[in-house]
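The block underneath contains the structure these notes are about, expressed in structure tokens.
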Amino acid sequence: MTSFDLQARQPFNFNSVINSHGWIQLAPFRADVSGRMLFYTDRLTNGRLVEYRVTETRGGVHVEVPGRLGKAEKAEVIQKITWMLGLDMDFTSFYKAARGEPKLRHARRLAHGRVLRSPSFFEDVVKTILTTNTLWASTIRMNQNLIEAFGASADDGKGQAFPTPEELASTSAAVLRKKVRVGYRAPSIHELARRVAKGKLDLESYKTSTLPTLELRNELLKIRGIGPYAAANLLMILGRPDFIPIDTYAMKMVSHEWHGGRPVTAKQVERAFRKWGEHKGLAFWFWDWKYDGG
DNA sequence: GGTAGACCTGGACGC
DNA sequence: GCGTCCAGGTCTACC
């Protein structure tokens, strides 16, 4: 067993990160019954399969990885967990902007701002495509099917990793459609995997891109299957909360918040949060909605 | 720039 | 068990 602590930039709240959106329900993520421990099965760059077990500790997180990690492996795990939990992210300007807004009063106290992310951006792009034009239960199922069909399994039979671009590129869109049941999304996922596997698209570089957010958004929109909603979701994951992922949930929330439950358009959602500028996505995401969605 | 219709899947419902 | 309807974003063609 290898274990170590990682410090987070303050304020930090482990619970707020892992419950920031539905990603915790998408394998290889899982949480224990108490919700206090986060598990994730990952494949390191040297091909070794490992399971991360992460809990909150004073000032950050405690990480356990069964088995002994080499120096390079440990460095990779540290880098990945830092990314996944956004340990070094700073939301000072958002908290400053949110000060005085009753609907965001809780933001700093609960350390809202970080969203749970997969270790690779490729995985998050695929998962985001799986959220489009479907119900959440189907997203969970398609993601699970994808992992069961193509993800590498640990020797002890516990846990499977998310498939690599190479693994998905080596199959066909027809198999993805039939076996994984991703429907018309199959060509989008297959084409993406092929481009990444062939080195024609470097998705991981988007994590550290210096492109202005608008240009980065345009790059994301060039990916087949990524439209305005998906691009905004991915920008949130990249720490660029300038856009709102406007889906039917967003329109329902805004409808009940300001329009008496009457149907609203995407433009009205946009207008409702316009004043939050580069923090629009965060203000929307962590807004204290009066409608509970029921 | 805006809009209509097609794209898939699985669950709910009526028969 | 079968058929129909519905929910959910993106893409393309068209105006």
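Below, chain A is the first sequence line, B the second, and so on; all start at residue 1.
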**OP:** Please determine, by modelled atom types, if A:Thr128 and A:Asn233 share a side-chain donor-acceptor pair under 3.5 angstrom.
**Re:** yes
**OP:** Could you tell me whether the phosphate oxygens of B:dG11, OP1 or OP2, come under 4.0 Å of any side-chain nitrogen or oxygen in A:Arg141?
**Re:** yes
Original post:
When we call it a touch if two heavy atoms are under 4.0 Å apart, what does A:Thr134 touch: a base, just sugar-phosphate, or nothing?
Top reply: base
Original post:
Do A:Tyr229 and A:Thr131 meet the criterion of a side-chain donor-acceptor pair at a distance under 3.5 Å?
Top reply: yes
Original post:
Is the shortest side-chain N/O distance from A:Thr132 to OP1 or OP2 of C:dT10 below 4.0 Å?
Top reply: no
Original post:
Between atom CG in A:Leu192 and atom P in C:dT10, what is the gap in whole Å?
Top reply: 15 Å
Original post:
Taking atom types as modelled and ignoring hydrogens, do the side chains of A:Asn15 and A:Glu56 form a donor-acceptor contact shorter than 3.5 angstrom?
Top reply: no
**OP:** Grab the OH-P distance between A:Tyr229 and C:dA7 for me, whole Å please.
**Re:** 18 Å
**OP:** Report which part of the nucleic acid A:Lys267 touches: base, sugar-phosphate, or nothing (heavy-atom distance under 4.0 Å, all strands).
**Re:** sugar-phosphate
Original post:
Out of B:dT9, C:dG8, C:dT10, which nucleotide sits closest to the side chain of A:Thr248?
Top reply: C:dG8
Original post:
At under 4.0 Å, does any side-chain N or O of A:Arg177 touch on OP1 or OP2 of B:dC8?
Top reply: yes
**OP:** Scan A:Ile140, A:Leu116, A:Leu130, A:Asp124 and name whichever one has a side-chain contact (heavy atoms from CB on, under 4.5 Å) with A:Leu26.
**Re:** A:Ile140
**OP:** Report which part of the nucleic acid A:Leu130 touches: base, sugar-phosphate, or nothing (heavy-atom distance under 4.0 Å, all strands).
**Re:** nothing
Original post:
Hey, which of these two, A:Asn133 or A:Ser138, hits DNA chain B nearer its 5' end, going by closest nucleotide?
Top reply: A:Asn133
Original post:
Which is true for A:Ala186 with a 4.0 Å heavy-atom rule: it touches a base, it touches only sugar-phosphate, or it touches nothing?
Top reply: nothing
Subject >> Nearest-angstrom distance from the residue atom OH of A:Tyr249 to P of C:dG9 >> reply: 13 Å
**OP:** Check whether the side chain of A:Tyr184 and the base of C:dG9 form a donor-acceptor pair under 3.5 Å.
**Re:** yes
